[in-house]
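Here the structure is laid out as structure tokens; the discussion comes afterwards.
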Amino acid sequence: MSDDLLARHRAVMPGWMPVYYGDDALEIVEGSGRRVRGADGRTYLDFFGGVLTNMIGYDIPEINEAVRKQLATGVVHTSTLYLIRQQVELAERIARVSGIPDARVFFTNSGSEANETALLMAANVRRSNQILAIKNSYHGRTFATMAVTGHRSWSSSSLSPLNVSWLASGDRLRGRMAGLSDGDILDAAVDDLREVLATVTAGDVAAMIAEPIQGVGGFVAGPDGLLGAYQKVLGEHGILLIADEVQTGWGRTGEHFWGYQAHGVVPDLITFAKGIGNGFALGGVAGRADVMNAVPAISFSTFGGNPLSMAAGTAVLDYLLDHDLQTNAARTGAILLDGLRELDLPTVGEVRGKGLMIGVEIVRPGTREPDPAATVRVFDECRAGGLLVGKGGLYGNVLRMGPPLTLTEDEAREGLAILTGALARVDAEARIG
């Protein structure tokens, strides 16, 4: 069999699965700390962490030991029809840190499944399939979550089990909120919500689902307090609030443990995934007991809550809290954000983010026009310099960075130097061109 892995990939995988770096696709074969080694023999500093999933980094002894200990029992799966001690213990920990009184927790395998479950619960308790969602959002690739994804590139079908009404995003460069002050954005957002409820809904909306910071959308976020402003209106109508914390949870923003906590609100449901498993398949929902208990049938997740993922998740959460990684995210994130904001480059339209969740929007010099081609150039230049970053945004022109929360200050400065060098070189090319 040929060892051309990219050709083999293309021969057996669906054509809609993207692979970074085109014909020079990268296979990662080893990892340690915040660094990975590729099959090309090079070592890279990883600022994307498997799409913000390798939250603690690679080859962490405490996590490895917890997984090995569970494997040694010979029990990887029993199903939730039996008691699973590890599941109960992790649920107890997550309930405590959720911020929701008397919370219940249900485990899934992914963020998509977690959001699908939250939408199911909200629809059941409210007896309605009407959902409010935010433009430019991403919530998953399952049938219902795709329906509430306000990002055309990721919405592969117009068919939906839900009746979705859309609210404006907090994008400050383009659209309805462009150029507004924080206070004016809050006022405009509330006006938008009231208008949508009055005009295009039947009056019995089940829930609003929102990311505190839009992940795939390019780390776009409205001002602090936005979800709280929405909640005041939602509360008038009994509409539930679902906070999609798949990317913002577990202290990544530095300021708070959950993204919703910047908004002066407590959601009815929180969805989580990615980082809590540090690469093991683990997601879930935490929420109010009356909402979580509203499913009027028997249901469970065959693999959700399995002993192996639970062992990994418990070790991740313990490590996160024991090492105060939220504070580290604030400290190292400030190094990156401050350094990027000091740049005066016409191709950098905006630097945004919190903690270790950072986006850099690339535009044509002196305009707000997205420049996805230049973004790819910076993306490739970063790899050439030994740094892995992500890219996304509605127009494919945002560099996305979500390093492991264990990132050191020296690594932050190292990555910043590579990134700013790449940005400067591509900026110079753009101005010459």
Side-chain angles (χ1 to χ4, degrees), residues 16 18-22 47-48 51 133-138 149-156 166-182 184-185 188-189 192 211 213-223 226 247 336-354 357-385 387-402 416 418-433:
W16 40 259
V19 178
Y20 275 169
Y21 307 113
F47 267 25
F48 203 38
V51 195
I134 314 292
K135 295 174 184 177
N136 195 48
S137 61
Y138 176 81
T149 288
H151 196 298
R152 183 176 179 181
S153 297
W154 295 87
S155 297
S156 57
W166 297 98
L167 302 174
S169 79
D171 191 335
R172 299 163 194 252
L173 286 184
R174 303 174 193 87
R176 182 169 181 170
M177 305 301 181
L180 297 181
S181 68
D182 285 359
D184 286 342
I185 289 176
D192 183 37
E211 302 162 277
I213 299 175
Q214 293 180 328
V216 169
F219 295 165
V220 166
L226 178 59
Q247 296 197 29
L336 295 170
L337 283 165
D338 291 347
L340 288 166
R341 286 170 175 158
E342 288 174 2
L343 293 175
D344 184 18
L345 300 176
T347 52
V348 176
E350 186 176 42
V351 175
R352 54 181 177 254
K354 292 182 177 183
M357 192 172 185
I358 298 168
V360 180
E361 178 137 357
I362 309 299
V363 296
R364 300 192 186 280
T367 75
R368 293 182 179 180
E369 184 180 351
D371 194 339
T375 306
V376 172
R377 285 282 298 115
V378 178
F379 179 76
D380 289 339
E381 282 286 305
C382 284
R383 178 186 173 181
L387 179 70
L388 302 183
V389 299
K391 56 187 174 69
L394 185 60
Y395 305 101
N397 69 314
V398 180
L399 297 174
R400 295 175 62 205
M401 284 156 285
L416 177 65
I418 297 170
L419 179 59
T420 54
L423 287 164
R425 286 190 294 276
V426 174
D427 180 82
E429 292 173 4
R431 282 186 280 176
I432 291 172

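Pairing each heavy atom of I213 with each of A221, the nearest pair is CG1-CB, 3.9 Å. Counting all heavy atoms, side chain and backbone alike, V426 lies closest to A374 at CG1-O, 3.7 Å. The minimum heavy-atom distance linking V398 with G359 is given by the pair CG1-CA, 4.1 Å. Annotation for P223 and I185: closest pair CD-CG2, 3.4 Å, computed over non-hydrogen atoms.
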**Message:** Evaluate E429 against R425 for salt bridge (charged side-chain N to carboxylate O under 4.0 Å, His left out), listing each step before the verdict.
**Reply:** CA-CA 6 Å; E429 292 173 4; R425 286 190 294 276; over 6 Å; no
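Between the Q247 side chain and the V51 main chain, no donor and acceptor come within less than 3.5 Å of each other. No donor-acceptor pair closer than 3.5 Å links the side chain of T149 to the backbone N or O of H151.
Remark: R383 engages D24, D40 in a salt bridge (charged side-chain N to carboxylate O under 4.0 Å, His left out) (not counting sequence neighbours). L337 is linked by a side-chain contact (heavy atoms from CB on, under 4.5 Å) to R341, V351, I358, counting only residues two or more places apart in sequence or in another chain. Every residue meeting the side-chain contact (heavy atoms from CB on, under 4.5 Å) condition with L345, not counting sequence neighbours, appears here in chain and number order: L343, T347, V348, L423, D427. The ring-ring contact (aromatic ring centres under 6.0 Å, His included) search around F379 returns Y20, Y21, not counting sequence neighbours. With sequence neighbours excluded, the residues forming a side-chain contact (heavy atoms from CB on, under 4.5 Å) with A189 are M177, L226, Y230, listed by chain and number.
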Donor-acceptor pairs under 3.5 angstrom involving side-chain atoms of residues 360-368: please list them, not counting sequence neighbours.
unit_1, atom_1, unit_2, atom_2, d
E361, OE1, R352, NH1, 2.9
E361, OE1, R352, NH2, 2.9
E361, OE2, R174, NH1, 2.5
E361, OE2, R174, NH2, 2.6
E361, OE2, N397, ND2, 3.2
R364, NE, E369, OE2, 3.1
T367, OG1, R364, O, 2.9
T367, OG1, E369, N, 3.0
R368, NH1, L173, O, 3.0

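The structure places CD1 of I418 at 7.5 Å from SG of C382, a figure rounded to the nearest 0.5 Å. To the nearest 0.5 Å, atom CG of residue L416 and atom CZ of residue F47 are 7.5 Å apart. Atom-to-atom distance recorded for L336:CG and L419:CG is 8.0 Å, nearest 0.5 angstrom. Considering OH of Y138 and CD of E211, their distance stands at 10.0 Å, rounded to 0.5 Å. The CZ atom of R172 sits 7.5 Å away from the CD atom of E350 when rounded to the nearest 0.5 Å. Atom NZ in K391 sits 8.5 Å away from atom OG1 in T375 (nearest 0.5 Å).
In this structure, W154 places its CH2 atom where only 12 or fewer heavy-atom neighbours from other residues, nucleotides or ligands lie under 6.0 Å away.
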